[in-house]
Every structure is written in structure tokens, then in C-alpha cells.
Amino acid sequence: MRGFMPMRRAAVVAIAGALVAWHAPAQAQNNKTVLIPCVCELSGAGAVSGTNYRDGAHIAVNEINAAGGILGHKIVMHDYDTQTNPMVSRALVQKVVDAGAYVVMGTVYSGSTDVNMLVTEHAGVPQITGSEAPDITQKGDPYIFRTSSGSEKDIPALVDYFTQTLKVKKVAVEWVQNDFGKGGHDLFVQAIRKAGVQVVADVPSEQGQVDFSPDVAKIKQSGAQAVFVYVNEEEAARFLKEAKKQALTVPLVGDVTLTDQKVIELAGPAAEGAIAHVGLTVSAPVPSIQEFVAKFRKIYHHNTDHNGIKGYIGVYAIKYVTEMIGTFDRKAFAAKMHGLTLDAKKYPGMLLTTSWDKTGELSRESFMTQVKGGKAVVIATIPAN
Amino acid sequence: MAQFLQVLLSGLATGSIYALAAVGFSLVWQAAQAVNFAQGEFVMLPAFLVLIGEHWLHWPLWAALLFGFALSILLLGLAFKRLIVQPFGPDGGLPLVIATMALSILLKEAVKTFYGAEAEPFPSLLPNGTFHVGGAVVSVRDVLNLLAALAVVLLLTLFLDRTKTGRQMQAAAQNPGVAEILGVDVARMTLYAFLLNAALAAVASFLITPVYLAKFSNGESLGIVAFIAAIIGGFNRIRGALVGGLLIGVLDNLTATYVTLSYRAALPLVLLIAVILWRPQGLLGDEEARIV
Amino acid sequence: MLELSDIRAGYADVQILNGVDLALRPATITTVIGPNGAGKSTLFRAIFGLIRVRSGSIRFGAEEITNEKPARLLARGIAYVPQGRNVVARLSVRHNLELGAVTLADQSLVAPRIEAVMDRFPALRQHQARKAGDLSGGQQKLLEIARALLLDPKLLLIDEPSIGLSPNLVRDVFKVLQGLRDAGVTVLMVEQNTKAALAISDDGLVLELGRARMHAPAAQLLADPAVGRLFLGAAIEG
Amino acid sequence: MRGHREAIGVAVVVAALIVAPLGQGNYIAYLLCSWLMLAIAAMGLNLTLGYAGRISLAQASFIGIGAYATSIVTLAHYPWVLGMAVGVVLCFVVGLLLGFPALRVRGHYLAFVTLAFNSLFFLVARNEDWLTGGTYGLSGMPRPRIGPVSTSGQLAFYYFTLAVALLAAVVLRLIVRSPWGRAFKALRENEVRAESLGLDVRRLTLLAFAIGSAYGGLAGAIEAPLVQYIDPGSFDVVQSLSLLLMVVVGGLGEFWGPVLGSAVAVLLPEALRVTAAYYLMLYAIAVILLMTRCPGGLIGLARRIAARPARRRGAAVS
């Protein structure tokens with residue numbers, strides 16, 4: 001008897017838990033709604049990106065629903081937390097696909113998207129991801145679409161900047177050893193070498209690293225004429241502070257993060273002079289983006305990063321494309337979106353004119369920005385490619 | 001040479017912060033046989049309490065600091081002992097370890113949910129300048145951090161060795177049974193150890209957060225480094241934790257500069273395994289004290 | 001002096017003392033004898049408030065002291081030297097002595113009293129700066145006794161003082177106890193070396209299965225053939 | 001009598017597990033697979049920690065070794081069985097080696113040695129791209145074929161996982177019930193006594209580590225084809241801590257403890273999804289309360305509740 005009891009309890013718990021699990025979301029679907037779930041990193045290492053992506057998406061959902069929905073259907077968006085765990089993300093995408101999702105929003109972390117896009121591809125459900133790793137759109141998956149361009153799109157602009165604007169022959173690379181940093185690092189090192197520039201210091205750092213003094217000391221010693229910095233926000237701020245402390249005076253150039261408002265706030269005066277190529281940025285000197293950023297702050301009482309914008313335009317893209325095809329047809333949706341350009345003048349929810357190619361890769365115009373007087377200022381505009 | 005000096009000095013500055021966390025950790029370990037898996041979060045939290053005072057209650061910095069310090073002692077000292085450690089009795093064992101792991105999740109999640117997931121700047125309490133030593137650039141802040149850590153450990157050692165209360169704490173930690181028959185208030189002495197740990201964590205928090213930035217996940221690596229520092233140095237010695245902390249800070253930087261960057265995190269781990277296997281009492285510890 | 005009536009106490013589910021009655025005469029040495037598991041050490045722990053007395057009462061002089069905390073009992077003039085090693089190894093000899101006086105209300109008395117006990121135990125004065133853990137076993141035991149004397153106790157509970165000591169040291173310890181008795185201190189002792197202990201005692205108490213079987217002058221117990229067969233012979237042979 | 005009832009109970013549960021995913025869609029089948037996978041790993045940890053009393057904070061690294069071995073072998077188009085065998089044997093050997101520190105130190109010290117091992121494993125998995133794919137990880141592992149039957153469908157893979165898990169449970173049951181198992185328990189209760197009973201404490205300790213680790217490897221061999229993607233982050237120290245939590249929350253040293261503990265860990269986020277951001281906090285508070293009130297875990301709690309009326313009846317009679 002004693003041996004048997006716990007097992008029965010286990011079964012009861014398992015069954016009770018499972019019942020809760022599979023009945024809740026299914027009811028949401030009736031004929032006047034459309035299910036667009038958001039599967040995101042709400043906890044774990046990717047929580048900041050994931051929550052911003054979700055919050056941005058919800059702003060769009062509320063606006064669209066207030067204006068009558070998509071083709072008269074109200075959007076129902078439930079949030080699912082992947083815990084930044086690829087295995088969980090796959091389970092959750094499977095779950096929302098089973099529940100009849102029209103289009104899936106998320107995930108932001110490339111490691112997760114790599115896994116769960118297998119599920120949407122298999123089921124033929126379009127997925128609007130926030131991931132920027134190059135391989136996402138290189139797998140021939142017809143149902144994956146980006147909300148910002150992959151890092152491989154940014155690299156040519158950066159290489160041009162090092163070779164043509166800065167005219168340097170020796171660079172150092174400071175990068176973070178996660179899938180984001182490694183993706184950028186590999187592409188950049190390959191491209192800059194091809195352009196005849198020598199990489200004199202290749203410095204990997206840990207995610208969450210706090211002491212950047214050996215990194216900066218190594219770069220200083222290497223005689224690099226400029227540094228390519230490819231790390232996440234807090235690490236970027238710590239790196240900038242250490243660089244300032246050790247009086248590293250060569251240009252520091254990054255992608256997206258280095259001139260991010262958050263980094264400027266965290267690094268204070270140490271951020272002054274930092275340069276970055278930004279695709280989609282909250283500091284872009286474009287009225288539509290500034291309006292969105294203000295709107296976000298008003299609703300959530302904190303600032304968003306570019307992931308908030310990605311979530312927002314992702315949902316609007318779903319609306320516009322669906323209205324173009326006139327029906328909730330997943331296959332037609334994916335077909336329509338390939339090779340599509342949405343002009344921001346006609347489709348204001350896109351904030352900036354945006355195009356997708358046949359792989360789901362995205363392009364729009366981008367900017368070179370530099371921190372001047374505590375603000376990121378655009379120093380050059382790079383057309384869409 | 002300038003490079004060597006540079007990373008050595010930076011390593012000492014970082015190591016001094018590890019040392020503060022490690023000292024408190026070994027105090028609690030000795031006093032209550034409790035390995036606190038939430039130690040890293042104990043260093044993360046006080047900075048956020050200050051930020052709450054500053055940004056939510058709109059108090060001046062000094063009041064916010066005082067508020068953060070007092071609340072840390074209350075929450076991480078008193079409440080931690082009463083609500084989490086005490087119910088387990090004298091030998092908490094594994095369930096107590098699990099409870100502190102759960103506490104670390106709770107603290108992280110609470111900060112993330114109620115304050116925010118993004119890193120926040122933290123006001124610097126120390127002057128910002130830099131000066132040059134033999135070609136290395138040293139910030140005043142780093143030097144002051146190091147001095148502060150040394151001073152705290154020195155004062156603590158003096159307190160434990162030179163005052164009657166300190167010696168009662170030592171007796172209560174080393175041999176609670178004897179302390180009790182001599183009339184030492186063992187429960188009170190144990191409480192002092194918890195309060196001291198909370199105070200040290202708060203000091204460490206205020207010193208490092210201007211550099212580390214305030215983030216809910218700051219404790220994750222710091223907690224582990226504190227364990228490692230305490231064990232390497234010898235957990236039954238206050239100055240062992242100090243030496244362990246400084247050693248890890250310096251070795252970490254030297255490895256990163258001269259040996260390997262991808263494996264920079266491996267060195268303290270290898271050192272830890274080696275110390276545990278060949279000298280479990282730690283580099284400075286003595287053998288007579290019990291091994292938990 | 002010390003009066004126990006119908007004391008019951010034990011650990012968790014096991015009751016060890018099953019109704020102990022005892023009255024000590026002032027300024028005497030009383031040795032408790034009995035087989036292993038009779039509850040000798042438990043009796044001391046119960047008197048000194050280290051385990052809960054479940055029923056019965058303990059009186060010291062005119063006062064009820066059942067289940068009082070050690071710190072209170074020390075203040076009343078009861079000191080306890082448990083069996084085994086009980087020094088704080090990493091503190092110096094002098095600091096160990098000081099610890100014996102933490103409950104003393106007037107801390108200005110501590111220094112002179114330490115001087116006084118060091119007069120009594122010159123070896124301790126000689127080693128006062130050394131770590132207690134570095135002393136020999138016998139010296140540690142002397143340190144413990146000295147530490148117990150700092151508060152000028154009226155009653156000394158001492159458990160197995162001779163374990164691990166050389167015969168010379170045992171003699172020294174017994175001499176100290178006799179000296180204390182002569183100075184008016186009441187001593188209650190458990191001792192495996194029963195014959196030698198009874199020889200210096202005034203009274204003896206036979207404890208068996210958690211009850212006091214016999215309480216009589218030591219000489220009478222030494223002469224009792226039944227006691228000798230049951231409790232003394234084994235101890236001497238073993 | 002007792003054995004008989006237990007047999008019926010197990011039969012009912014197995015029957016329930018067989019029908020559980022029917023008609024429930026892929027998600028439930030997937031969820032049940034991850035539960036069974038974690039249960040296998042937790043069972044192994046329970047053998048090392050719950051039965052033999054040696055703590056290990058490295059179980060996730062063994063899942064990792066099993067998963068990488070299986071992935072590398074199956075991505076090279078060799079059968080899953082081979083990958084699984086390589087992974088399990090590798091874990092057994094590495095577990096044996098990791099058992100050596102357990103001969104010298106225990107308790108918190110052993111916890112830190114194993115924790116350090118897990119961190120080192122993470123670094124190697126991340127840095128040695130040539131073997132492990134580095135931060136990008138490995139993906140696209142095929143699911144096994146059993147003769148002509150492919151398990152690439154979610155339901156088929158569930159039954160495959162269930163079969164493996166049941167087999168693993170039966171083997172563990174045999175181990176626990178064997179003289180070995182009793183020796184493990186003796187080792188946990190009192191090492192000196194175990195030695196005096198003539199048990200070879202050295203060999204038992206090493207075996208406890210090796211077998212527990214091999215179970216981790218088996219779980220990894222399931223995880224690779226289940227998720228079809230692995231990266232170093234899936235096997236870091238945090239995962240080891242959460243496995244430890246599962247074992248202790250379920251009930252340390254209880255045969256069904258890890259099964260229950262992993263079920264709670266997998267299903268609780270689902271059950272508490274209404275509480276959104278607060279669920280981890282609620283879970284943490286629940287664990288703290290459980291540990292302070294009932295260190296025996298959920299099974300200990302169930303026992304206590306089951307025993308209470310009996311005790312009351314007993315009291316009334318006396």
C-alpha cells in the first residue's frame with residue numbers, strides 16, 4: 001500500500017496538470033477571432049529582449065483590435081514563456097500550433113528559433129521571429145520571416161565603414177561568446193580579412209562578464225587602429241567604461257548595441273564618441289519611431305529597446321499581409337510575404353519601409369550613428385540592400 | 001610590464017569584491033553550517049533597495065543608502081535566519097541547501113518582476129579619477145574598493161579576536177555545545193554572524209554596483225565565485241576568504257591576458273577542484289576545524 | 001543544597017530518567033555510579049538545563065530551577081564540566097578562561113579571578129597565550145575545571161574527569177576536587193574509575209535504569225559486597 | 001499483499017501513460033516526453049544522492065555527454081542505439097572518474113567539485129566547435145527507427161520514450177532491490193557501519209556515481225532526438241540545480257520521488273501559467289515551505305498525510 005500511494009499521487013498530479021495545460025487556450029478560438037500567440041523569452045537570459053518583443057506586439061494588437069481587428073476578426077494573443085530554453089520553446093510552439101495558431105510571433109533568441117521553426121515549418125504556420133542570427137533564413141524554411149535584418153546584412157556596411165571611412169589596416173574584435181556574438185564575429189572577421197584588413201586582436205568575452213580590464217589591455221597592446229565591439233548592452237557599457245579608464249583612444253565601432261540609449265545611460269560619459277551601425281533603433285531620427293518609443297513609455301513606464309519595435313511591426317505586418325490576401329490562409333500568407341515591400345507611407349504600422357526577400361530575410365534603410373553629447377546622432381544613412 | 005601591472009591591479013580590485021562576498025559566506029557557513037546558495041543574490045539585492053529609495057521614494061542618496069543598508073540587514077540577516085535557516089534546526093543538510101537555492105530564485109525573480117529586467121546605472125559613492133602607475137592606468141575607485149575590502153576584513157578580524165563578543169562568536173561557531181554550557185548566548189551569536197553577513201553583502205553591493213551596474217542576474221556568477229574563493233582560501237579563516245577572493249580576481253585576469261580567453265572561466269574551477277582534493281581545509285585554513 | 005524529586009527526562013521517544021530522587025548534602029563530594037545506559041550523563045544534562053525535564057522538580061537551595069537555561073544556572077552558582085574535550089581549540093588559554101566568565105555581571109571581577117585560578121593551576125599561567133587546542137589532554141581538562149571555577153560555583157557537576165588522563169593527573173584532579181569540597185563547594189561527579197572516586201567521596205549514588213537505587217555514604221558503598229560485585233569490580237577490571 | 005497492490009498500481013499507471021497522449025495533439029505528447037526524459041535523469045541522480053548519499057551537481061553535464069554523443073553519432077547516419085550506447089558508456093566511465101573525489105570529500109565539498117565539473121563541461125562544449133558545434137549547437141538529429149517503424153511522429157516517439165523510461169525504471173528497481181541497493185542504503189545511513197558489515201565502500205561509491213551518471217547519459221540520448229537541437233546552455237549548472245530540486249522536492253531516496261519531482265517541474269509552469277510572471281516566485285516559495293515543513297519532499301508529505309488518520313485511530317485505541 002505504501003509503495004503504491006505515491007505513484008497514484010504522481011499520476012493524479014500529472015493528469016491534473018495536463019488537464020489544465022490543454023484546455024485553457026483552445027477555447028479562445030471562435031469564428032470572430034484569430035489566434036496569434038506570442039512565444040517569447042519572458043524569463044531566463046533572454047528576458048529583456050523577450051518581454052520587450054511581447055510588449056511591443058501587444059501594443060499593436062490593442063491598436064488593431066480597437067480599430068476593428070483583421071478582416072473583422074479580433075486578435076487573441078496569449079503569451080508563452082520559453083524561459084530562454086530551446087526545448088521549452090519547441091514544446092510551446094508545438095502547443096500553439098496544435099491550438100490552431102494563424103501566425104506565431106517569436107522567438108527572439110536564435111538558439112530557440114533554430115529549434116522551434118522546425119515545428120512551424122512542418123505544420124505550415126508562418127512565424128515572425130525576432131532573431132537576427134544569419135542561419136535562420138538560410139535553411140530554406142518558407143514560413144520564417146524576420147522583423148529586423150540578420151547580422152549578415154549589417155556586416156558589409158560595417159566593413160565599408162572600417163575600410164573606407166576610417167581607412168584602418170589593423171582592427172581588434174571584442175565579442176561575446178553566445179550565438180549573437182559568435183554570429184557577428186565570424187561574419188565580420190571573414191569579411192574584414194577579405195577586405196585586406198588585419199585582425200590583430202581577437203578577444204572573446206563571457207556573457208555577464210564584469211571585468212573587462214584584460215580585454216582592453218590586450219587590445220591596447222595589439223596596436224589596433226580601431227575596435228569592432230560586438231557584445232550585449234551591459235557588457236558594452238562595462239567595456240566602454242574600461243576603455244575610457246585605460247585611455248583606449250582608437251574608434252570603437254559596434255553593431256546596434258554600442259550606441260543604444262540603454263548603453264549610453266549605463267556607461268555615462270564613457271559612451272561618448274562610440275560609433276554603431278543600427279538597423280532598427282529606438283534612437284533613429286525618424287518621427288514614426290520616436291512616436292512609437294514615446295507611446296511605449298507611456299503604456300509601460302519604461303523604455304523599450306529595438307525588440308519592442310520588432311514585436312510591434314511584426315503584428316502589423318500580419319495585419320497588412322492578411323488584408324492583402326483577403327483571407328486567413330497560412331500558405332497564401334507566406335507566399336504573399338516573400339518579395340513584398342511595405343511602404344511606411346501607406347502602411348504606417350511598419351514605421352519604416354520594409355521588404356522581405358524569398359528567404360524571409362528583411363531589408364530596410366539603416367544608419368551609422370555616433371554618441372555625441374549623451375545622444376546617438378546619425379552620421380550617415382545607408383540605403384536598403 | 002605595464003600590461004602585467006594593469007591586469008594585476010584590476011584583478012586585485014575585482015578580487016576585493018569577491019573577498020567581501022566570500023567573507024560573509026564563510027561567516028554564515030561557520031556559524032550555522034549553512035551553505036548559502038543565495039549569497040550572490042545577497043550582493044545583488046541591496047543595490048536595488050537603494051534604487052527603490054532613490055527612484056520610488058525620491059529620497060536623497062544618503063537616505064536611500066541608509067534605507068538599503070538597514071533593510072538588507074533586516075531581510076538578508078534577520079529574516080533569512082529566522083524564516084529560512086532556523087526552522088531546520090542545527091543540521092539543515094541538503095534540504096537547507098535546496099531552500100537557499102529556492103531563495104536565490106525568489107530574490108532574482110522578485111527584483112526582475114517588481115523592479116525590472118534591464119541593467120540600471122548605480123550612483124558612484126567614490127571619486128572617478130584615474131592615475132598612472134608604471135604605465136598602468138589605475139582608477140581611484142579600484143584602489144578605494146581594494147582598501148575598503150582590506151579595511152573591512154581587518155576590522156572584522158580585530159572584532160572577532162580582540163573583543164569578548166567576537167570571541168563568543170568564535171566559540172559559538174567552533175563548538176556550540178561548549179559555548180552553551182559556559183552561558184554564551186549561542187542563538188544571539190549566530191544571529192550576529194547573519195547580520196554581519198548581510199552588512200558585508202550590502203557594503204560589497206554598494207561598492208561594486210557602480211561598476212557592475214544593477215541587474216537582477218548579477219548574483220549568478222558572483223555567488224559561485226564567493227564559494228570558490230572561500231573554499232580556496234580556507235573557509236574556517238576570515239583572511240582565507242580574503243586571500244581566496246584576491247587570488248581568483250588576479251588569476252582570472254592573468255589567465256585572460258596571457259593564457260586563454262575562451263577558457264578564462266576555467267582556471268578558478270580547476271583550482272577549486274585541486275584545492276578540495278589535495279588541501280580541503282583551504283590554502284590558509286587549519287586542519288583541526290571540522291570539515292562539513 | 002540540590003534536591004531532585006521524581007525527575008523524568010530523555011531524548012525524543014526514549015525516556016532515560018524514570019523518576020530520580022536525590023538530595024545532596026552541602027560541601028560534599030557525591031559520585032554517581034551505575035552501569036552504562038543507566039542515565040548518569042543524562043542526569044547531569046537534565047540538571048543543567050540541556051535537555052527538557054518532563055516531570056518532577058529540581059530545587060537548588062530554596063529555589064526551583066527545573067528547566068532553567070544554563071546561563072541562569074551559572075548565575076545561581078552551578079557549573080558543569082561535561083565529559084570529553086570541551087575547550088575552544090582556536091582560542092588561547094586565557095581567552096578560554098575568560099569565556100567561563102561571560103555570565104558574570106561585574107566584568108571587572110574577571111581579571112582578578114583569572115589570576116586566582118591561575119594561582120591554583122600554575123601550568124595554565126605558563127601556557128596562557130597558547131591555543132587551547134595545542135595543550136595536552138590533561139592540561140585541557142585542568143583548563144576546563146579552572147574555567148568552571150571562575151564563577152565561584154556552589155555546585156560543580158563534573159562528568160568523567162579522568163578519561164584519557166595519566167594516573168598522576170587523575171590524582172591532581174581529585175586533589176583539586178577535595179580542595180573545593182573543603183572550601184565549601186558541593187561536587188557531583190560521574191566517574192568510571194569508581195573505586196578511586198568513591199575513595200575521595202563523601203556519598204555515593206547508585207543509578208540503575210534511570211532510577212536512584214541507593215544513596216549512602218561512600219564508605220558504606222565501598223564495603224557493600226553487592227555493589228562491589230555489580231558496579232565496582234567491572235569498572236576496575238574494564 | 002503489499003507487493004500485489006503495488007503491481008496493480010504500477011499496471012494502472014502504465015495503462016494511464018499509454019492512453020495519456022491519445023487524441024491530445026503533439027504538444028501533450030512532447031510534454032510527456034520531456035517529463036519522462038527528465039525523470040530518467042532524476043532517477044539516476046536519486047540513486048547517487050538519495051540511495052548512496054553522495055551529492056552531485058553535475059547531472060546536467062551527463063545529460064549533455066549523452067546528448068552530444070547521440071547527436072554526433074546519429075548525425076553521421078549511424079543508428080540511435082549506437083549513439084545511445086556510446087553516450088551511456090561514456091557517462092559511466094566519466095561518472096566513475098568523478099566518483100573518485102567522492103572517496104575523499106563529501107557533503108558541500110563534493111557539491112562544489114561536481115559543480116565545477118559541470119561548469120568545465122559547459123566551457124568545453126561551447127569552445128570546442130569542431131566537435132560540438134559551439135554556441136550554435138547541433139540540430140536536425142533524426143529520430144530513431146525501430147526496424148521498419150519510424151518514430152519521427154510525436155506520438156510514436158512518445159511510445160518509444162515511454163518504453164525506454166519503463167525499461168530504465170525496471171532496471172533501477174532491480175538495482176535498488178538487489179543486495180547492491182541495500183548496500184547503497186547502508187552506505188548512506190552509516191558509512192562506518194557499512195564498512196564493518198564487510199561492504200566495499202570504495203567500489204560502492206564509485207558505482208553509485210557511475211550508474212547515476214549513466215542514467216543521465218540515457219536521458220541525453222532521448223533529449224537529442226526529442227528536441228532535435230542541443231546547445232551548451234541546455235546543460236549548464238542551472239539545469240543541474242533544477243534536477244537536484246526535482247529529486248529533493250519529489251522525495252530524496254524514494255523510488256517514485258524523481259518521477260513525481262520531474263512531473264511537478266515540467267507541468268507546474270503550465271498549471272501556474274495564469275499567474276504569469278509570478279509563477280517562479282510561487283514555485284520558489286513553495287519549495288522553501290516544503291523544505292522547512294517537510295524535508296522528505298512531496299512523497300514524505302503524502303506519507304505524513306496518509307499516516308495521520310492511522311495515528312489518530314491508534315491513539316484512540318490506546
Side-chain angles (χ1 to χ4, degrees), chain B residues 23 26-27 29-33 88-91 156-193 233-241 281-282 284-292, chain C residues 12 41 44-45 47-51 68-105 107 110-111 129 131-135 140 143-144 146-151 153 156-159:
Chain B
V23 167
S26 53
L27 268 184
W29 186 341
Q30 287 177 73
Q33 310 304 302
F88 288 94
D91 183 23
L156 192 62
T157 314
L158 285 178
F159 167 71
L160 288 174
D161 286 342
R162 301 284 169 86
T163 68
K164 285 187 177 164
T165 310
R167 289 193 292 267
Q168 287 186 56
M169 282 182 67
Q170 287 194 55
Q174 285 172 41
N175 203 332
V178 171
E180 192 183 5
I181 60 160
L182 296 176
V184 172
D185 191 340
V186 175
R188 176 179 295 258
M189 295 306 133
T190 310
L191 177 63
Y192 287 169
F235 80 91
N236 58 23
R237 283 283 185 223
I238 295 298
R239 58 177 179 276
Q281 73 273 27
L284 295 191
D286 44 29
E287 290 194 53
E288 71 203 30
R290 67 195 138 186
I291 301 297
V292 185
Chain C
S41 295
F44 279 19
R45 295 178 63 80
I47 296 172
F48 207 62
L50 295 169
I51 55 168
E68 273 191 1
K69 293 268 151 234
R72 281 290 298 144
L73 298 169
L74 285 163
R76 289 183 185 282
I78 304 178
Y80 172 46
V81 180
Q83 59 172 304
R85 299 275 166 87
N86 300 289
V87 297
V88 182
R90 290 232 304 268
L91 291 183
S92 71
V93 168
R94 193 184 176 85
H95 287 151
N96 263 278
L97 286 173
E98 239 173 42
L99 273 178
V102 289
T103 53
L104 200 61
Q107 287 288 310
V110 177
K131 278 190 197 168
D134 295 344
L135 297 184
Q140 289 190 23
L143 171 57
E144 284 177 49
R147 195 174 58 185
L149 297 182
L150 271 175
L151 297 175
L156 176 65
L157 309 170
I158 184 162
D159 193 351

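Model, not experiment: these values are computed from the prediction. Protein chains get the first letters and strands the later ones, always in sequence-line order, with residue 1 at the start of each.
- When the options B:R167, B:K164, B:Q168 are evaluated for a side chain to side chain contact (heavy atoms under 4.5 Å, CB included) with C:V102, the one that passes is B:Q168.
- With a threshold of 4.5 angstrom between heavy atoms, C:R147 approaches chain B through side-chain atoms but not through N, CA, C or O.
- Heavy atoms only, all atoms of each residue included: C:P70 and B:E180 are closest at CB-O, 3.5 Å.
- The structure places CG of B:L182 at 8.5 Å from OG1 of C:T103, a figure rounded to the nearest 0.5 Å.
- For B:D161, the part lying under 4.5 angstrom from a heavy atom of chain C is the backbone only.
- Listed options C:E144, C:E98, C:Q107, C:R85 were ranked by heavy-atom pairs under 4.5 angstrom with chain B; first place goes to C:E98.
- The line from CZ of C:R90 to CG of B:N175 is 12.0 Å long, rounded to the nearest 0.5 Å.
- When the shell of 6.0 Å around CZ of C:R76 is examined, it contains more than 12 heavy atoms from other residues, nucleotides or ligands.
- For C:Y80, the parts sitting under 4.5 Å from any heavy atom of chain B are the backbone and the side chain alike.
- Per-residue heavy-atom pair counts under 4.5 Å with chain B were compared for C:N86, C:V87, C:L151, and the maximum is reached by C:N86.
- Note: B:I181 CD1 to C:L99 CG = 11.0 Å, rounded to the nearest 0.5 Å.
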